[in-house]
Number of protein chains: 2
Amino acid sequence: MTKRKVSNPLALAVLALLTERSMHPYEMASTLRARAKEESIKLNYGSLYSVVESLQKHGLIEAIETLKEGRRPERTIYGITEPGRTEFADWLSELISVPVKEYTRFEAALSLLAGLPPDEVLGLLQLRAHRLTMEISAGESALARSAEQGLPRLFSIEFEYRITQARAELTFVEALIDEVADGRMEGYEFWRRVHESGEFPSNADIFGR
Amino acid sequence: MTKRKVSNPLALAVLALLTERSMHPYEMASTLRARAKEESIKLNYGSLYSVVESLQKHGLIEAIETLKEGRRPERTIYGITEPGRTEFADWLSELISVPVKEYTRFEAALSLLAGLPPDEVLGLLQLRAHRLTMEISAGESALARSAEQGLPRLFSIEFEYRITQARAELTFVEALIDEVADGRMEGYEFWRRVHESGEFPSNADIFGR
DNA sequence: TCGCGAATACTCGATCTCGAATACCATGAG
DNA sequence: CTCATGGTATTCGAGATCGAGTATTCGCGA
């Protein structure tokens, strides 16, 4: 299976919108915003317009008409093509069914954790735990609010996912805090020594390092 | 707080490596590889060389010497500067202590879930659950293997994090599967109807849509 | 009715990212 | 000895990404 011609997830959202009805780029942006999809799909104008252009170049969408009302800039209305529908279904199917490794910033940070002394790391982790806790409760109340206003779960399931992940991260961070706090973490002695003695052992005696 | 001059996480890894000792770019790559850090920090040559150049331009690292052995391409050896050390500690601290919203593909897919009919989604989610299960056990055994070989947890903590997150996702996906399977998911009727009747209601009567 | 902030609609180019391609050398199998 | 394989070390340019900037119109309060 070869790579997709247009790979920005924003393009997927564009295809989804045009599945419902034709519209012009700016309307796509405001619709996504109104539906709070920009929470889950990064949206910025530069990307939007270039993604639309690229979709058109590849025949997945087509310009339906260009309106010029008054002296405003013209709006080009786009519609989805048959290949576009196929691509949408295929792409979305893939995203759902095959888990892909994503590189998160926190994972990168964890992999370099030893670069900071343990007591500093401890404080930073505590800060993170605190902030995560706040984010989780903010997320929960946002979710409750939209449920109250009658939005079916089908359309806010992505927020539940995010909260789930945040909770798991919080649990992980809390466990990590405990281990670092009481020095139970394997490698702790080495860790502390390296930072106290100022510098790295000329040739580290830790396996793999 | 203004943005960082060099923002690619690979640059953080470069700074971390140069904290230990000076080296040339290719050696950075192989060291990261040997330590399995490329699992957590995306590494490719193009980025590496431009990131190194950018770090140098901003005075965070400096060229120490340029070797030319035989007719091989010359290797430039880089070392970290004082501003570089500061930047490293500051950046890593930030990554640990402040949780940042990351846009994952699966979250994007979830936010567009209604674009595919429920029975298809069901099958796709089952596929994902299956693949996640396999990934989790692969990750667990990789972790066990490196522990056996004496690598302290401090240096493989990022793998534990990843497994934690994958497990949480699996739990979420399994719950979702159940709900979709028995039609308990809120909005299910609308969802099914839209796809059976071929198309979208001219003006959706679902709040926010 | 005047002015002003918000909304509409898009453009631009600097920077970043990617990974295939290049080019060389060391090793060892046949 | 010679050819293939794999490791060393980097370059290049096409394409993606970003978000501030521009230009216009609308609505509304004073």
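Throughout, protein chains are lettered first and strands after them, A, B, ... in sequence-line order, and every chain is numbered starting at 1.
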Figure out the [atom1]/[atom2] separation between [X] and [N], and round it to whole Å.
| X | N | atom1 | atom2 | value |
| --- | --- | --- | --- | --- |
| A/Tyr26 | D/dT25 | OH | P | 15 Å |
| B/Tyr78 | D/dA9 | OH | P | 14 Å |
| B/Tyr49 | D/dC12 | OH | C1' | 13 Å |
| B/Met28 | D/dA9 | CE | P | 12 Å |
| B/Leu43 | C/dA20 | CG | C1' | 15 Å |
| B/Arg33 | D/dA9 | CZ | C1' | 12 Å |
| B/Leu48 | C/dC18 | CG | C1' | 13 Å |
| B/Glu27 | D/dG7 | CD | P | 17 Å |

Name the one of B/Ile64, B/Val52, B/Leu60, B/Val14 that satisfies side chain to side chain contact (heavy atoms under 4.5 Å, CB included) with B/Tyr78?
B/Val52

According to the side chain to side chain donor-acceptor pair (under 3.5 Å) rule, which pairs have a member within residues 46-64 of chain B, sequence neighbours left out?
B/Asn44-B/Ser47

Below 4.0 angstrom, N of the basic side chain to O of the carboxylate: do [X] and [Y] qualify?
| X | Y | answer |
| --- | --- | --- |
| B/Arg105 | A/Glu94 | no |
| A/Arg167 | B/Glu169 | no |
| A/Arg145 | A/Glu148 | no |

Just by protein heavy atoms under 4.0 Å, how would nucleotides 14-19 of chain D read 5' to 3' in B, S and -?
---BBB

Residues two or more places apart in sequence or in another chain: which of them pass side chain to side chain donor-acceptor pair (under 3.5 Å) with A/Arg33?
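With sequence neighbours excluded, A/Arg33 shows a side chain to side chain donor-acceptor pair (under 3.5 Å) to A/Glu38, A/Tyr45, given in chain and number order.
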
